[in-house]
Structures are given as C-alpha cells and as structure tokens.
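These notes concern the structure reproduced below.
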Amino acid sequence: MTQHIRTLPLAQVHLKQGDWSGPAEICVLDYDGRFVRRKRLETVEGRPFIVDLPQTTSLDHGDGLRLDDGSLVYIRAAEESLLRVTGPELARLAWHIGNRHTPCQIQDDHLLIQNDPVIGHMLEHVGAQISEVTAPFTPEGGAYGVGRTHSHAHGHTAHEH
C-alpha cells in the first residue's frame, strides 16, 4: 500500500500592506515572530503553512503572504508586553532608546518599547515615566533600509561600533 504524503501550502510571495486586497486568513505574530525566512506558521483558523522566502524578511502588520494554492494570509501584529515611555523631553528619551539600538514605536505623546527591565530602569534614571502595557508592537523601520536593519551599511561601506 502506498502512503500519500500531504504537503503544507507554501508561502513564497511577500505582499506589502496596500499592494494586495481580497479575502485572507489571519496569522497573528509578535514582533520577533514577524522576522522570518523559513518557518512553519499557522493561521488563527488553524491552517498550517510554510513560509519559504528568498531572504529574511520583516513582516509588518497589514502585510500579506500569497500561498502557492492562490490563497492569501493577512499578517496581524500580536499584542505583547511593552513599556510605555512618557516624559517632558520625549525626543531626548527617544535618543537614549535609539542609542541602545532598541526597537521603538513612536507616537505623538509616548514611545513604546519591548518590556526590558534594564532599558526601563535606564530610562527612569534619565527622567522617563514608565508603565507596562499590552499592545501590538510595530516599531519604526531602520534608517538605511525598509523594515528592520541589523547592520549600519551606508551605501557601499559599513562601520562598527
């Protein structure tokens, strides 16, 4: 008797927010989980699929994946434990966060960072008010690329700290 091997749908096409529309299943991922190249994921409806992208990609809230069966998966940012940062000198606090290469979501009246007690304590030391919140985390992308950047490549050269 021959055993039939069922393969999972394959997502090899990343669609940026606004570049696609139509009905889609939903996949909820936290900030770290949205940084993928090859990974097995599952929609909230319970449908498993495999992501196999040509390079490591930061999936943003609202992006989509096209599966090889033609269906779409909508990426939603999961709620996660964050620190809400406020203070009278918000720009200076943002500088301290950026100086530590910490991802940061910037709002008009507050900043959001991942819940890191060490960074939180440092920020309190320089005058920030910190509160723990649970919310989707969609930090700013890197200055020298789209989405996350893990190096400081400036054109054709790079520097180290």
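Along the sequence shown, residues carry numbers from 1. Worth saying up front: this structure is predicted, and the values here are computed from it rather than measured.
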| query | Between D68 and V13, does a side-chain contact (heavy atoms from CB on, under 4.5 Å) hold up when you go through it step by step? | reply | CA-CA 9 Å; D68 60 357; V13 178; over 6 Å; no
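- Cluster membership check: I119 does not share its hydrophobic cluster with V133, using side-chain heavy-atom separations under 4.5 Å among Ile, Leu, Val, Met, Phe, Trp and Tyr.
- A single hydrophobic cluster is seen to contain both L93 and I106, as judged by linkage of ILVMFWY side chains at heavy-atom distances under 4.5 Å, directly or through other members.
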| task | Test F49 against L10 for side-chain contact (heavy atoms from CB on, under 4.5 Å), laying out the working first. | result | CA-CA 6 Å; F49 64 98; L10 193 60; over 6 Å; no
Got a list of side-chain donor-acceptor pairs under 3.5 Å for residues 77-84, not counting sequence neighbours?
residue: E80; atom: OE2; partner: Y31; partner atom: N; Å: 2.9
residue: S81; atom: OG; partner: N115; partner atom: ND2; Å: 2.9
residue: R84; atom: NH2; partner: H110; partner atom: ND1; Å: 3.2

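- Of the listed residues (V51, V73, L65), just one forms a side-chain contact (heavy atoms from CB on, under 4.5 Å) with L59, and that residue is L65.
- No continuous path of ILVMFWY side-chain contacts below 4.5 Å connects I50 to V28, so the two sit in separate hydrophobic clusters.
- Between D19 and D63, every side-chain heavy-atom pair lies at or beyond the 4.5 Å cut-off.
- Distance check: Q114 CD to T102 OG1 gives 8.5 Å after rounding to the nearest 0.5 Å.
- Environment of CZ in R76: sparse, with no more than 12 heavy atoms of neighbouring residues, nucleotides or ligands closer than 6.0 Å.
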Hey, can you pull the donor-acceptor pairs under 3.5 Å for the side chains in residues 120-129, sequence neighbours left out?
residue: Q129; atom: NE2; partner: G127; partner atom: O; Å: 3.3

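- A continuous path of ILVMFWY side-chain contacts below 4.5 Å connects L90 to I130, so both sit in one hydrophobic cluster.
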| request: Carefully, step by step, assess L111 and I97 under the rule side-chain contact (heavy atoms from CB on, under 4.5 Å). | output: CA-CA 9 Å; L111 308 170; I97 291 168; 3.7 Å; yes
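- Minimum interatomic distance between H61 and Y74 (heavy atoms only, all atoms of both residues): NE2-OH, 3.5 Å.
- A salt bridge does not link D60 to R34: none of the charged side-chain nitrogens sits closer than 4.0 Å to a carboxylate oxygen.
- Pairing each heavy atom of L8 with each of P48, the nearest pair is CD2-CG, 3.6 Å.
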| message | Before you tell me yes or no, could you show the steps for L112 and V85 under side-chain contact (heavy atoms from CB on, under 4.5 Å), namely the whole-Å CA-CA distance, both residues' side-chain angles and the distance that decides it to 0.1 Å? | response | CA-CA 6 Å; L112 291 173; V85 180; over 6 Å; no
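- Between V36 and K39, the shortest heavy-atom distance links the atoms CG1-CD, 3.9 Å.
- Other residues sharing the hydrophobic cluster of W95, ordered by chain and number and joined by side-chain separations under 4.5 Å: none, the residue standing alone.
- Side-chain heavy atoms closer than 4.5 Å link hydrophobic residues (I, L, V, M, F, W, Y) into clusters, and following such links, possibly through other members, connects L53 to L67.
- Counting heavy atoms from C-beta on, the side chains of R47 and P9 come closer than 4.5 Å.
- Taking 4.0 Å as the cut-off between side-chain N and carboxylate O, D116 and R100 do not count as a salt-bridged pair.
- For the salt bridge (Lys or Arg N to Asp or Glu O under 4.0 Å) with D52, the qualifying choice from R38, R37, R40 is R38, the only one to do so.
- Shown here for C27 and E42, the closest heavy-atom pair between the two residues is SG-O, 3.6 Å.
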